[in-house]
Amino acid sequence: MKLMSEEVVFAKSESHVVLKMIHSLFLINCSGDIFLEKHWKSVVSQSVCDYFFEAQEKAIDVENVPPVISTPHHYLISIYRDKIFFVSVIQTEVPPLFVIEFLHRVADTFQDYFGECSETAIKDNVVIVYELLEEMLDNGFPLATESNILKELIKPPTILRSVVNSITGSSNVGDTLPTGQLSNIPWRRAGVKYTNNEAYFDVVEEIDAIIDKSGSTVFAEIQGVIDSCIKLSGMPDLSLSFMNPRLLDDVSFHPCIRFKRWESERVLSFIPPDGNFRLISYRVSSQNLVAIPVYVKHLISFKENSSSGRFDVTIGPKQNMGKTVESVVMTVHMPKAVLNMNLTATQGNYTFDPVTKVLTWDVGKITPQKLPNLKGLVNLQSGAPKPEENPSLNIQFKIQQLAISGLKVNRLDMYGEKYKPFKGVKYITKAGKFQVRT
């Protein structure tokens with residue numbers, strides 16, 4: 001049962017010279033085990049993943065593995081999601097972002113179907129996983145990637161359905177063609193009905209920043225998304241407006257959004273898919289618009305011809321508009337010469353792994369009245385030379401009910417239906433790659 005969506009027609013017209021886009025897909029866990037593989041047409045040997053494992057060994061951490069790896073006969077394009085590497089094998093040159101976007105769609109679909117995109121969930125639902133991959137990719141080209149269409153093609157797993165299938169030998173594949181695919185609104189199924197009509201929007205922003213030794217901002221950028229959960233009956237037509245839409249750069253839209261209306265009025269006008277979906281993703285790249293919500297005071301020093309050093313770090317809130325900075329975690333990759341660390345934390349707990357040389361300090365919530373501090377001695381190998389450079393501090397944090405860019409939703413209007421839905425907007429700011437150099 002194979003159907004063609006509008007976005008795939010575009011994909012094929014763009015890449016018509018390519019005979020096949022994605023040849024094979026391997027799912028690899030953090031231990032380096034290939035726990036699932038799927039091939040379209042001929043089988044590609046698992047040995048092709050050796051090139052990926054080599055690149056993984058060279059990388060400092062999982063996020064530094066190159067997303068595109070060239071081998072003598074193939075290209076390996078991969079993403080890392082929820083402690084799983086999705087590694088696709090390509091035989092000819094294709095736009096890498098096209099493949100990366102598809103792999104993210106696969107991970108999102110697993111999350112949507114199983115509640116989590118984990119190795120355990122994938123292994124427990126391996127039949128449905130293969131059915132989904134068969135529908136999502138046709139002869140190496142993305143096909144049905146919309147959640148609503150897939151759920152009509154392949155029913156999501158339930159305990160009752162699993163029991164019935166095991167007794168009767170039937171599958172989760174639907175008997176009828178998806179109604180949405182045959183309309184000009186393929187992302188929404190027909191005949192949607194809810195007792196409670198609700199529309200929720202989560203504005204989630206991540207700050208990527210590099211702060212130098214003196215506390216000045218070297219680089220700062222905000223990556224933002226608006227995730228939606230829409231449970232509305234019928235065929236509602238929504239308009240979402242913002243207080244300050246002009247600060248958004250590089251906006252990427254869900255196919256449901258009318259682009260001309262955005263261009264002319266900076267208003268998001270759309271007939272929404274049913275359920276959870278990502279409405280837009282955006283970037284704020286002007287450094288003067290990026291407020292840094294935390295500051296770090298640090299003193300990390302190693303003496304020449306000495307087997308010890310000093311470590312003293314304090315984290316405090318900065319420009320956070322009166323909101324609390326919480327879920328603060330600091331990780332530091334210490335130099336290889338460090339044997340262990342004797343530190344005292346005024347707040348939270350710290351751990352130091354003498355094998356990986358990684359220091360982790362789980363701070364928790366920051367209260368401005370008493371700033372968290374971690375200080376003490378660093379023990380080095382005797383006779384080892386002084387470390388050439390100080391380590392960088394990687395900070396994680398979260399701020400509820402705040403979009404650090406200042407983006408605010410103005411109003412949500414609904415047309416086409418008579419009922420009044422319940423509407424809600426939530427703002428979250430968190431750290432992306434937030435690094436402080438010492």
Residue pair [X] / [Y], side-chain donor-acceptor N/O under 3.5 Å:
{"X": "E221", "Y": "Q223", "value": "yes"}
{"X": "S241", "Y": "R411", "value": "no"}
{"X": "Q111", "Y": "E116", "value": "no"}
{"X": "S147", "Y": "D112", "value": "yes"}
{"X": "T145", "Y": "R105", "value": "yes"}
{"X": "R81", "Y": "H104", "value": "yes"}
{"X": "S47", "Y": "S45", "value": "yes"}
{"X": "H23", "Y": "S42", "value": "yes"}
{"X": "Y194", "Y": "D274", "value": "yes"}
{"X": "E205", "Y": "Y282", "value": "yes"}

Discussion item. Using salt bridge (Lys or Arg N to Asp or Glu O under 4.0 Å), reason through K58 and E54 one step at a time and then give a plain yes or no.
Written reply: CA-CA 7 Å; K58 291 176 187 173; E54 280 177 28; 5.1 Å; no
Which atoms form the tightest heavy-atom contact between [X] and [Y], and what is the distance?
{"X": "I207", "Y": "A291", "result": "CD1-O, 3.8 Å"}
{"X": "F253", "Y": "I280", "result": "CD2-CG2, 3.6 Å"}
{"X": "L36", "Y": "I122", "result": "CD1-CG2, 3.9 Å"}

Are the side chains of [Y] and [X] in contact, using a 4.5 Å heavy-atom criterion?
{"X": "S233", "Y": "V192", "value": "no"}
{"X": "E417", "Y": "L232", "value": "no"}
{"X": "K83", "Y": "N29", "value": "no"}
{"X": "T438", "Y": "V332", "value": "no"}

Worksheet entry | Option passing salt bridge (Lys or Arg N to Asp or Glu O under 4.0 Å) with R283 (candidates D249, D250, D208) |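 Running salt bridge (Lys or Arg N to Asp or Glu O under 4.0 Å) over D249, D250, D208 with R283 returns exactly one hit, D250.
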Practice prompt. Indicate the ring-plane relationship of Y80 and F85, choosing parallel, tilted or perpendicular according to the 30° and 60° boundaries.
Written response: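 Correct class here is tilted.
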Discussion item. So that I know where these two stand, are H254 and F277 an aromatic pair - ring centroids less than 6.0 Å apart?
Written reply: yes
Practice prompt. Using the six-membered ring of W40, assess whether NZ or CZ of K38 lies under 6.0 Å from its centre and within 45 degrees of the ring axis.
Written response: yes
Discussion item. If you count every heavy atom of other residues, nucleotides or ligands that lies below 6.0 Å from E388 atom CD, does the total exceed 12?
Written reply: no
Discussion item. Counting neighbours of NZ on K357 that are heavy atoms of other residues, nucleotides or ligands and sit closer than 6.0 Å, is the number greater than 12?
Written reply: yes
Worksheet, complete the sentence: From the list S239, S264, S269, side chain to side chain donor-acceptor pair (under 3.5 Å) partner of R258 resolves to S269
Discussion item. For a ring pair (Phe, Tyr, Trp, His ring centres under 6.0 Å) check, start with the C-alpha distance between H39 and F26, then their side-chain angles and the critical distance, and finish with the verdict.
Written reply: CA-CA 9 Å; H39 306 278; F26 295 96; 5.6 Å; yes
Worksheet entry | Donor-acceptor pair, side chain of D212 and main chain of S214, under 3.5 angstrom | yes
Worksheet item: Just one of V203, N410, I226 clears the side chain to side chain contact (heavy atoms under 4.5 Å, CB included) bar with F242, so which one?
Response: I226
Discussion item. Using 0.5 Å steps for rounding, measure from the OG atom of S78 to the CG atom of L27.
Written reply: 11.5 Å
